[in-house]
Number of protein chains: 2
Amino acid sequence: MRIGELAARAGVSVRSLRYYEEQGLLRSTRSTSGQRHYTEEEVERVTFIQRMYAAGLSSRTIAEVLPCVETPSEEHSDAALERMAQERDRLSEHIAELTRTRDKLDELVAVARAYRESLRLPAAG
Amino acid sequence: MRIGELAARAGVSVRSLRYYEEQGLLRSTRSTSGQRHYTEEEVERVTFIQRMYAAGLSSRTIAEVLPCVETPSEEHSDAALERMAQERDRLSEHIAELTRTRDKLDELVAVARAYRESLRLPAAG
DNA sequence: CTAAAACCTGACATTGACGTCAGAGGCAAG
DNA sequence: CTTGCCTCTGACGTCAATGTCAGGTTTTAG
């Protein structure tokens, strides 16, 4: 498939796909006229890349981790695996912090709502 | 306390504090010579701001939410409260996605480790 | 009093993941 | 063959939070 279709199927912009390639996250075969072609697999790969971005990884980090995802072999399962585990931990910590923040927000919302209700009560109006 | 101390205690840069003020997230009293002064409370406030940033809220959104946090009153407990609840939900969804991503990473790490182990086993080496 | 350290405003620089535009070529349909 | 859409490269624009620098004032320590 060509770039437009991959973009549509993965839900990203064409620009992003070219950017991913530039960053070494995505490869493409080229037609004689130079147009990029992709296989079905790439859809999933792009989705994975998006998820990594959403998890706060940079292009460089994703690039370090991706080979491990694609083809597990002895070569990269040393540094890359280490890196992946490390990013997992970082993410885990981040999730924990976000959860605390959400709880804090919950608390604040509850307090504000209670306050608002108190204003509505005839006794306290 | 002056800006340097607040920065140190809240673990942010002086530049950031001035930026927060510019964005309407932080107020300061000024000495006659124009230097900013803060109270103890501001430390917590700055920490909260940081957490909101970490949760992916923009300055503008934090500004919408903050008054509700500071002084719950009828005025802002309408729009701001709504906004806060909305951001809470957004954050919650984001956490869920990150958790899925982490699980995916876990899975990948497990697969890669298993693969590596298989290479080490005499039977498969 | 003086030197160092902290502060001020204002402004330009940076970073990362894109958006967007220009100018040119490629490709299926009528 | 042309119309219209897709694609190409290359380059500049953007946005948000922050770094950084310049040039000047204030506070603090000795």
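- Between the side chain of T99(B) and the backbone N or O of I95(B), at least one donor-acceptor pair lies under 3.5 Å.
- Spacing between atom CZ of R36(B) and atom C1' of dT27(D) amounts to 16 Å, rounded to whole angstrom units.
- Around CD of E44(B), the count of heavy atoms belonging to other residues, nucleotides or ligands within 6.0 Å does not exceed 12.
- Computed from coordinates, the R30(A) CZ to dC8(D) C1' distance equals 8 Å when rounded to whole Å.
- Spacing between atom NE2 of H37(B) and atom P of dA6(C) amounts to 15 Å, rounded to whole angstrom units.
- For the pair I62(B) CD1 and dA16(D) P, the computed distance is 12 Å after rounding to whole Å.
- Taking atom CD1 of I3(A) as the reference point, atom P of dC18(C) lies 13 Å away to the nearest angstrom.
- Among H37(B), E21(B), R2(B), the one residue that satisfies the side-chain hydrogen bond (donor to acceptor under 3.5 Å, both in side chains) test with S28(B) is E21(B).
- Sorted by first then second residue, the salt bridge (charged side-chain N to carboxylate O under 4.0 Å, His left out) pairs that include residues 56-66 of chain A, not counting sequence neighbours, are R60(A)-E64(A), E64(A)-R83(A).
- At a non-hydrogen distance threshold of 4.0 Å, R15(B), R18(B) from residues 13-22 of chain B come into contact with DNA chain C.
- Looking at E87(B) and K104(A), no side-chain N of the basic residue comes within less than 4.0 Å of a carboxylate O on the acidic one, giving no salt bridge.
- Rounding to whole angstrom units, CE of residue M1(B) and P of dT27(D) are separated by 18 Å.
- A salt bridge does not link E42(A) to R27(A): none of the charged side-chain nitrogens sits closer than 4.0 Å to a carboxylate oxygen.
- Between the P atom of dA17(D) and the CD atom of Q23(B) lies a distance of 6 Å, rounded to the nearest Å.
- Using a 4.0 Å cut-off between a side-chain N of Lys or Arg and a carboxylate O of Asp or Glu, E41(A) and R45(A) do not qualify as a salt bridge.
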Check the pair Y20(B), Y53(B) against ring-ring contact (aromatic ring centres under 6.0 Å, His included), reporting the backbone distance first and the verdict last. CA-CA 11 Å; Y20(B) 297 164; Y53(B) 275 127; 5.5 Å; yes
Give each protein N/O atom lying under 3.5 Å from an N/O atom of nucleotides 25-29 of chain C, with the pair distance.
| from | atom 1 | to | atom 2 | distance (Å) |
| --- | --- | --- | --- | --- |
| dG26(C) | O3' | S33(A) | OG | 3.4 |

